[in-house]
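See below for the structure under consideration.
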Amino acid sequence: MRASDRAYATLLEEIQTGVLAPGTVLGEVEQSARLGVSRTPLRTALARLASDGLVAQSSPRVTVVTDVQSDDIRALFTVRRALEETAARLAAASPSAKAFARLADAFAAADLDGDTARDAYYALIAEFDEEMDAAADNDYLVGALRTVRAHLVRVRRLARYRPERLAASVAEHRLIASAIAAGDGDLAAHAVHVHLHNALTSILDSLETSPTLASSTQSTGRKRRS
């Protein structure tokens, strides 16, 4: 792996997991030393993160992790809805649609009791996303979805854990997978729409009811994503 790719992967994971919180300053000297790379590959990694909208430059040599604001989350879900509804329709019409029956069964059997079980559930969602990307078979659509998902990991971790919402999410994913397996593109797209509406509502409610999280989404003076 190239030094720039390694630096990008490390910083991306740290931003998504909250190790590097919104507002964290990423100075070139400090980050180069910490990551064990020279400044040129670090700048390349930071430029990629900036294009993802995860960091922004506050000065020529200082980059800051961007905030997550409620308006940004709504905008993100608007794009996500359009992309995932289209992907679901394409997957339902693909030759591999019937393979989603296995995923529907996996969602039906999903266990949410404990951190390990929930990690396994999130891994199942990642597998589902990969299968839908492959079935959609559209490089432009998949590329756009990957950018959106880079932000979704971060947004999910900002929201509070809600057992009832997670249980509902399992049922929603099962319906999407079942509809794709049945070749019903309309139902699959509608099920995606309902799932994303419920997910957005839950995330925004978490931000509004948690003073700590709300304050992290309301800082001013953020440089907007291009």
Side-chain angles (χ1 to χ4, degrees), residues 1-70 72-73 75-76 79-80 83 114-134 139-161 203 206-207 210 212-226:
M1 183 181 291
R2 295 182 305 175
S4 60
D5 292 336
R6 187 171 69 251
Y8 172 81
T10 300
L11 291 170
L12 175 63
E13 181 180 5
E14 291 177 343
I15 291 171
Q16 289 179 327
T17 58
V19 173
L20 295 175
T24 300
V25 175
L26 304 177
E28 280 191 8
V29 175
E30 294 80 6
Q31 294 304 316
S32 293
R34 186 176 73 87
L35 298 173
V37 299
S38 64
R39 294 191 191 183
T40 297
L42 175 67
R43 288 170 186 164
T44 300
L46 292 175
R48 289 177 63 186
L49 291 167
S51 69
D52 292 338
L54 295 172
V55 303
Q57 273 196 317
S58 61
S59 74
R61 295 187 181 279
V62 177
T63 303
V64 178
V65 177
T66 54
D67 298 324
V68 181
Q69 301 177 11
S70 295
D72 290 320
I73 295 172
L76 178 66
V79 175
R80 184 188 180 191
L83 294 173
D115 291 341
T116 300
R118 286 192 290 273
D119 285 344
Y121 172 62
Y122 288 125
L124 177 60
I125 291 178
E127 181 184 356
F128 172 80
D129 287 343
E130 290 175 1
E131 291 289 345
M132 190 156 69
D133 289 350
D139 291 342
Y140 297 104
L141 178 66
V142 171
L145 274 172
R146 285 175 180 164
T147 298
V148 168
R149 287 170 187 153
H151 291 275
L152 287 174
V153 173
R154 192 179 181 209
V155 169
R156 287 191 192 113
R157 291 184 180 277
L158 280 173
R160 290 186 296 125
Y161 166 59
I203 289 170
S206 291
L207 296 176
S210 172
T212 301
L213 293 176
S215 64
S216 74
T217 67
Q218 294 171 355
S219 63
T220 58
R222 171 187 169 185
K223 179 178 179 180
R224 300 297 299 180
R225 291 194 290 268
S226 58

Arg2 atom CZ, over 12 foreign heavy atoms within 6.0 Å | no
With Leu20, which of Leu26, Val25, Leu54 fulfils side-chain contact (heavy atoms from CB on, under 4.5 Å)?
-> Leu26
Using a 4.5 Å cut-off on heavy atoms from C-beta on, say whether the side chain of Thr63 contacts that of Glu28.
-> no
Which heavy-atom pair separates Gln16 from Ala150 by the least distance, and what is that distance?
-> NE2-O, 3.0 Å
Taking every heavy atom of Asp67 against every heavy atom of Gly23, the minimum-distance pair comes out as OD1-N, 3.8 Å
Atom pair CZ (Arg34) and CG (Leu11), whose distance is rounded to the nearest 0.5 Å | 6.0 Å
Look at atom CD of Glu13 and say whether more than 12 heavy atoms of other residues, nucleotides or ligands are closer to it than 6.0 Å.
-> no
Smallest heavy-atom separation, Ser4 atom then Ala45 atom, equals O-CB, 3.6 Å
So, for Thr17 and Glu14, which heavy atoms are closest and what is the spacing to 0.1 Å?
-> OG1-O, 3.5 Å
Mind checking whether Val55 and Ile15 have side chains closer than 4.5 Å, heavy atoms only?
-> yes
One should read off an interatomic distance between Arg43 CZ and Thr40 OG1, to the nearest 0.5 angstrom, of 6.0 Å
Is the shortest side-chain N to carboxylate O distance from Asp52 to Arg154 below 4.0 Å?
-> no
Kindly determine whether Arg48 and Asp5 satisfy salt bridge (Lys or Arg N to Asp or Glu O under 4.0 Å), including the steps that lead there.
-> CA-CA 10 Å; Arg48 289 177 63 186; Asp5 292 336; 3.0 Å; yes
Flag the pair Arg149 / Asp133 as yes when at least one side-chain heavy-atom distance between them is below 4.5 Å, and no otherwise.
-> yes
In Å, rounded to the nearest 0.5 Å, how long is the span from CZ of Arg146 to CG of Asp129?
-> 10.5 Å
Taking C-beta and beyond as the side chain, do Val155 and Asp72 meet within less than 4.5 Å on heavy atoms?
-> no
For Asp119, does the CG atom sit with more than 12 other heavy atoms under 6.0 Å from it, leaving out its own atoms?
-> yes
Thr10 side chain to Ala7 backbone, donor-acceptor under 3.5 Å = no
Taking the side chain as every heavy atom from C-beta outward, state whether Met132 and Leu145 have any atom pair closer than 4.5 Å.
-> no
Determine yes or no for a side-chain-to-main-chain donor-acceptor pair under 3.5 angstrom, with Thr66 supplying the side chain and Gly53 the backbone.
-> yes
